[in-house]
Amino acid sequence: MKTTVLCYARCSTCKKALKWLEEQGVEYTERPIKEENPTKEELRNWYEKSGLPLKRFFNTSGNLYKELKLKDRLPEMSEEEQLELLATDGMLVKRPLLISDAVICPGFKESEWMKCIGLK
């Protein structure tokens, strides 16, 4: 199973998630989310594949999210507008973001990631 983790080098949760993956013996490719921002097409694919609400892909605790007042704006935006906005800046995207052939897991919750990588 090919696994990619989109993360931000200065994010403590990202560091914790990568350490956890290594402890589980999971091979992964790290992709810097700020330098290699996901494209609109990637985001749409991951969102559709995940079955999760699109809001789960937003970094709701990030400064940019707050500066843009997205808490108030998102409900009025179309899915298309939200995907376009997410694709403009990697700092808007929830991280770490675990991507594999089978699953997509935004944010790090050990119990969710255990399911994502096939551990019980």
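In what follows, every heavy atom counts, from backbone to side chain, and hydrogens, waters and symmetry copies are set aside. Model, not experiment: these values are computed from the prediction.
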Side-chain polar contacts of residues 60-67 - donor-acceptor pairs under 3.5 angstrom, sequence neighbours left out - could you list them?
residue	atom	partner	partner atom	Å
Ser61	OG	Asn59	OD1	3.3
Lys66	NZ	Ser61	O	3.4

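- In the hydrophobic cluster analysis, where Ile, Leu, Val, Met, Phe, Trp and Tyr join through side-chain heavy atoms closer than 4.5 angstrom, Leu85 is grouped together with Ile33.
- Cluster membership check: Leu52 does not share its hydrophobic cluster with Val103, using side-chain heavy-atom separations under 4.5 Å among Ile, Leu, Val, Met, Phe, Trp and Tyr.
- For Tyr47, the side chain to side chain donor-acceptor pair (under 3.5 Å) test picks out Glu79, with sequence neighbours left out.
- Note that NZ of Lys49 and CZ of Arg44 are 15.5 Å apart. Values are rounded to the nearest 0.5 Å.
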Apply side-chain contact (heavy atoms from CB on, under 4.5 Å) to Glu30 and Leu18, showing your working.
CA-CA 9 Å; Glu30 189 176 338; Leu18 296 178; 3.5 Å; yes
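- Every pair tested for ring-ring contact (aromatic ring centres under 6.0 Å, His included) that includes a residue from residues 68-103 fails, sequence neighbours excluded, so the list is empty.
- Take Glu84 and apply the side chain to side chain contact (heavy atoms under 4.5 Å, CB included) test, not counting sequence neighbours, and it matches Lys40, Glu80.
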If you apply the rule side-chain contact (heavy atoms from CB on, under 4.5 Å), what do you find for Phe57 with Ile104, and how did you get there?
CA-CA 10 Å; Phe57 286 84; Ile104 312 297; 3.8 Å; yes
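- The structure places CD of Glu76 at 10.0 Å from CD of Glu81, a figure rounded to the nearest 0.5 Å.
- Residues satisfying the disulfide bond (SG atoms under 2.5 Å apart) test with Cys105, not counting sequence neighbours, are Cys116.
- Identified under the side chain to side chain donor-acceptor pair (under 3.5 Å) test for residues 85-95, with sequence neighbours left out: none.
- When all heavy atoms are compared, the tightest approach of Thr3 to Ser100 is OG1-CB, 4.1 Å.
- Between Trp46 and Pro38, some side-chain heavy-atom pair lies under the 4.5 Å cut-off.
- Glu42 contributes a side-chain N or O that, together with a main-chain N or O of Thr39, makes up a donor-acceptor pair within less than 3.5 Å.
- Judged by distance alone, with hydrogens and angles left aside, the side-chain atoms of Glu48 form no donor-acceptor pair with the main-chain N or O of Asn45 at under 3.5 Å.
- For Gln24, there are no side chain to side chain donor-acceptor pair (under 3.5 Å) partners two or more places apart in sequence or in a different chain.
- Listed by first then second residue, pairs satisfying salt bridge (charged side-chain N to carboxylate O under 4.0 Å, His left out) with a partner in residues 14-23 read Lys19-Glu23, not counting sequence neighbours.
- Cluster annotation: Val93 is connected to Leu83 through the hydrophobic network of ILVMFWY side chains, with a link wherever side-chain heavy atoms come within less than 4.5 Å.
- Sequence neighbours left out, not one pair with a member in residues 12-62 passes disulfide bond (SG atoms under 2.5 Å apart).
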Pair Tyr28, Leu98 - check side-chain contact (heavy atoms from CB on, under 4.5 Å), show working.
CA-CA 9 Å; Tyr28 63 88; Leu98 179 94; over 6 Å; no
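- Remark: Trp113 engages Phe108 in a ring-ring contact (aromatic ring centres under 6.0 Å, His included) (not counting sequence neighbours).
- Met91 and Val5 fall into different hydrophobic clusters, where Ile, Leu, Val, Met, Phe, Trp and Tyr side chains are chained together by heavy-atom contacts under 4.5 Å.
- Evaluation of the side chain to side chain contact (heavy atoms under 4.5 Å, CB included) rule for Thr4 yields Lys2, Leu6, Thr29, Arg31, Ile99 as partners, not counting sequence neighbours.
- Cluster annotation: Tyr8 and Leu43 are assigned to the same hydrophobic cluster (Ile/Leu/Val/Met/Phe/Trp/Tyr, side-chain heavy-atom contacts under 4.5 Å, transitive).
- For Arg56, the salt bridge (Lys or Arg N to Asp or Glu O under 4.0 Å) partners are Glu112, not counting sequence neighbours.
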